[in-house]
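Below you'll find the structure, written out as structure tokens, and then a few comments.
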Amino acid sequence: MKNLTVEEVRQSARSLTNEISRLANRPIRIMEVCGTHTVAIFKAGIRQLLPEQVELVSGPGCPVCVTPNDYLDTAIAYSRKQDVIITTFGDMLKVPGSTSTLLLEKAQGADIRIVYSPLESLAVATNNPDKKVVFLAVGFETTAPTAAATVLAAEQAGLENFFVLTSHKLVPPALKALLDDRTTKVDGFLLPGHVSAVIGEQPYQFLIDEYHTPAVIGGFEALDILQAVYRLVKQLDEGKPQLENHYRRVVRAAGNSTARAVLEKVYCPADSNWRGIGVIPYSGLAVNTDYRHFDALVNLPVEVERLQEHKGCRCGEVLRGMIKPGECALFSKLCTPEHPVGACMVSVEGTCAAWFKYGAGRWQL
Amino acid sequence: MCLAVPAKIVDKQDMLATIELSGVTRQVSLMLLPEAEPGEWVLVHAGFAIQVIDEDEAQKTLDLFRELEQYEELDR
Amino acid sequence: MMSETIQLAHGSGGKLSHDLVQQIMLPAFSNPALNLLHDGAQLPVSGGRIAFSTDSFVVKPRFFPGGDIGKLAVCGTVNDVAMNGAIPLYLSAGFILEEGFPVDELRQIVASMGQAAIEAGVTIVTGDTKVVEKGAVDGIYINTSGLGFIPEGVTISPCRIKPGQDIFINGYIGDHSIAVMGERHGLTLPATVLSDCAPLAGLVKELLTAVPDIALLRDPTRGGVATTLNEIAGQAKVGIRMDETAIPIRPEVQAVCDILGFDPLYLANEGKVIVIAEPCHREKILETMRSHQYGVHARLIGTVVAQPAGQVGLQTAIGGMRLLDMLAGDQLPRIC
């Protein structure tokens with residue numbers, strides 16, 4: 001909202017929150033399913049401005065948080081091999097595996113390089129022909145096409161020492177799994193704006209048709225979020241669930257078909273294990289047979305240590321919006337940003353990390 | 001999960017565009033958005049342009065937020 | 001809870017650095033001057049008080065837009081001494097050099113130190129040099145220690161911070177970190193992004209001449225403004241409320257932060273000072289800062305409050321409230 005003055009922004013926010021308060025005459029639970037939304041909400045101090053009865057709950061929207069231990073263990077095992085260079089987004093570095101993290105491995109001498117773009121991996125591969133470069137391909141539908149495009153670029157360049165270790169996840173199947181779980185109590189969804197930029201509006205239609213749950217695609221500026229919350233509360237007040245797009249400057253109804261085509265060339269849907277939720281059918285991506293020669297697991301044998309899950313970690317319930325971070329016995333005691341037990345605490349956008357850092361809910365003045 | 005910023009394309013060479021934001025520039029790939037042209041604002045994520053920002057819609061949103069300032073009660 | 005091995009985060013100025021000092025150093029050295037954990041020690045000697053501070057410099061790259069490790073080594077310690085309200089006078093300089101380090105580079109670095117010393121009004125009066133085998137250090141490490149004289153009537157201490165006081169900063173935040181980070185990850189930065197590395201002794205002197213009553217001065221180096229404010233809130237047992245819209249950030253620096261996912265409030269600065277004083281001095285402080293070359297963009301950015309003690313809150317652009325915690329480790333570029 002850089003083109004609005006400070007006063008304009010504050011006044012608009014007040015108008016929206018006044019309306020939300022007026023319309024919200026019963027407890028309402030809105031789930032946002034995007035880690036970037038979780039952080040934006042905390043950074044803007046939005047919960048402070050909403051009435052008590054409107055609760056914003058964070059769902060499984062942080063791809064780092066839902067990445068299971070065994071993926072990390074595999075990445076760590078690769079990083080310990082002398083002839084392997086790991087390239088990864090910074091988000092993965094502190095995520096705990098069964099017994100270690102990539103950051104700890106880096107401190108012990110593993111060649112692990114942080115990239116902003118997966119394309120940076122290709123330069124690493126070109127400059128280190130005697131090494132194998134393994135890119136940790138995580139992320140939802142916003143990021144998966146970038147990894148897929150990188151594979152295509154590697155193919156074009158004739159690179160033979162570049163591989164991907166995939167753990168991409170898809171949003172719509174996760175939403176369905178959440179709604180099929182009777183313990184989930186959600187009145188409406190704030191849908192991820194940037195995932196939607198790729199997939200468009202249609203994949204969410206089932207939320208209305210089959211589950212009659214209001215859903216609004218929202219942007220990430222504070223006013224975008226307030227606008228989306230207002231629209232959800234209004235839908236609930238009117239009793240007419242709809243799918244609305246309030247991020248039209250970025251989200252076209254049809255999404256980005258080129259990005260989807262690139263995605264489908266390299267990847268196909270596959271069952272995927274979500275930390276704390278379990279296996280959701282066709283909720284992840286696997287490398288297509290045509291591109292198997294880029295799949296790390298297929299081409300690079302590796303021995304992975306035995307999987308250990310931490311007892312007492314309730315990330316799964318946090319991710320499903322069933323409990324707040326404060327209700328987990330480990331929160332801020334055994335599990336802190338410096339010593340995270342579960343992934344919710346690790347990612348900057350993990351619900352628990354955000355709660356820890358930004359203050360649970362409302363900060364009393 | 002999707003840290004992305006709007007930036008302006010100032011140059012384009014085939015599948016590579018130079019984007020600029022407040023004087024900071026970077027090359028980004030247009031593999032996911034080959035039709036983007038210099039002068040357009042695009043959403044940039046992980047070194048790729050992933051969508052063109054619709055200027056009209058952006059203006060509409062701005063106008064809406066400005067309007068909100070003045071209204072006690074919203075009616076849409 | 002200390003880990004078994006040192007991690008990079010123990011040096012990043014945030015929570016782990018704190019734990020290291022609290023759990024390892026303090027128990028071994030404990031004494032009243034040290035325990036205050038201000039930027040330097042204020043020591044009574046016959047005839048007055050001196051301020052004494054030390055810092056080591058290991059920055060890579062050694063040369064960056066706006067400065068180099070030499071300039072940093074002088075300004076860093078000069079500033080720490082000045083943060084005690086002292087007039088910095090004398091520096092020592094200790095060098096640890098790696099075998100094979102190019103002499104020409106060393107020449108450039110010490111020339112830089114000499115120039116910075118002149119600007120800061122200090123003399124480097126003693127020093128030491130050690131050389132170690134190739135691989136034992138990374139090029140060059142510099143330690144500087146500084147002494148300064150604290151004028152009568154000046155008492156800079158977290159104990160003097162009281163609710164109701166104003167909090168100022170002298171200019172743009174995050175410049176140093178972004179300039180040093182330079183062009184990683186394919187970003188090209190405009191020439192306006194320079195390290196803000198500067199000796200602040202002159203600015204501090206003018207401020208204390210205009211307002212001897214200033215309660216606290218502190219430079220937000222590693223860990224950034226947010227971390228420094230948390231330290232202050234904890235030491236002074238007060239709360240701090242900041243205004244997000246008042247914090248000066250260059251658009252170019254904000255752009256890099258937006259792209260890579262950094263929060264500028266946690267980025268290191270090398271030419272910034274946080275000033276805390278009674279509100280009656282507000283106009284004078286702003287006027288004095290803004291007429292100095294290192295305070296042109298000075299702003300009032302917050303206020304000291306009584307509760308919640310030890311916490312720093314940020315009033316956001318939208319009018320909400322966000323808790324600003326201490327950094328847990330270094331910020332990493334992210335996509336999520």
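Every heavy atom of this structure was used, including side-chain atoms; hydrogens, water molecules and symmetry mates were not. Chain naming here is simple, since letters A, B, ... match the order of the sequence lines and numbering starts at 1 in each.
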Contact leader toward chain B among A:Leu263, A:Leu23, A:Thr258, where contacts are heavy-atom pairs under 4.5 Å: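 Heavy-atom pairs under 4.5 Å are most numerous for A:Thr258.
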
Nearest 0.5 Å please: distance from the OH atom of A:Tyr247 over to the CG atom of B:Leu43.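 Answer for the OH-CG pair, A:Tyr247 versus B:Leu43, is 5.5 Å.
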
First locate atom CZ of B:Arg66, then atom CG of A:Leu4, and finally report the distance between them rounded to the nearest 0.5 Å.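 These two atoms lie 5.0 Å from each other.
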
Heavy-atom distance under 4.5 Å to chain B: side chain of A:Val262, backbone, both or neither?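 When you check distances to chain B, only side chain atoms of A:Val262 fall under 4.5 Å.
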
Apply side chain to side chain contact (heavy atoms under 4.5 Å, CB included) to A:Val251 and B:Gln51, showing your working. CA-CA 8 Å; A:Val251 179; B:Gln51 190 53 282; over 6 Å; no

Heavy-atom distances under 4.5 Å only: say whether B:Ile53 touches chain A with side chain, backbone, both or neither.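 For B:Ile53, heavy atoms of backbone and side chain both lie under 4.5 Å from chain A.
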
Which bit of B:Pro34 comes within less than 4.5 Å of chain A, counting heavy atoms only: side chain, backbone, both or neither?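 Looking at B:Pro34, just its side chain touches chain A.
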
Specify the closest pair of heavy atoms between A:Thr36 and B:Cys2, including all atoms of both residues, with the distance to one decimal.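 For A:Thr36 versus B:Cys2, the nearest heavy atoms are OG1-N, 2.5 Å.
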
Please tell me if the side chains of [X] and [Y] come closer than 4.5 Å, counting only heavy atoms from C-beta onward.
| X | Y | result |
| --- | --- | --- |
| B:Phe65 | A:Asp224 | yes |
| A:Arg248 | B:Asp54 | no |
| A:Gln227 | B:Leu64 | yes |

According to side chain to side chain donor-acceptor pair (under 3.5 Å), who are the partners of B:Asp63, at least two apart in sequence or on a separate chain?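 B:Asp63: side chain to side chain donor-acceptor pair (under 3.5 Å) contacts with B:Gln59.
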
Check salt bridge (charged side-chain N to carboxylate O under 4.0 Å, His left out) between B:Glu57 and all other residues, then give those that pass, not counting sequence neighbours.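 Checked B:Glu57 against salt bridge (charged side-chain N to carboxylate O under 4.0 Å, His left out); matches are B:Lys60.
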
Salt bridge (charged side-chain N to carboxylate O under 4.0 Å, His left out) partners for A:Lys240, two or more places apart: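 For A:Lys240, no residue satisfies salt bridge (charged side-chain N to carboxylate O under 4.0 Å, His left out) once neighbours in sequence are set aside.
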
Who among B:Ala4, B:Ala46, B:Pro6 has the most heavy-atom pairs with chain A under 4.5 Å?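 Option with the top pair count is B:Ala46.
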
Donor-acceptor under 3.5 Å (A:Asn256 side chain, B:Ile50 main chain):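 Such a contact is found between A:Asn256 side chain and B:Ile50 backbone.
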
Counting heavy atoms not belonging to B:Lys8, are there more than 12 under 6.0 Å from its NZ?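 No, the 6.0 Å shell around NZ holds no more than 12 heavy atoms from other groups.
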
Can you confirm whether more than 12 heavy atoms, excluding those of B:Gln13, are under 6.0 Å from its CD atom?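 At most 12 heavy atoms, drawn from other residues, nucleotides or ligands, come within 6.0 Å of this atom.
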
What residues of residues 16-33 of chain B make heavy-atom contacts with chain A at a cutoff under 4.5 angstrom?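 Near chain A, by residue number: B:Arg26, B:Ser29, B:Met31, B:Leu32, B:Leu33.
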
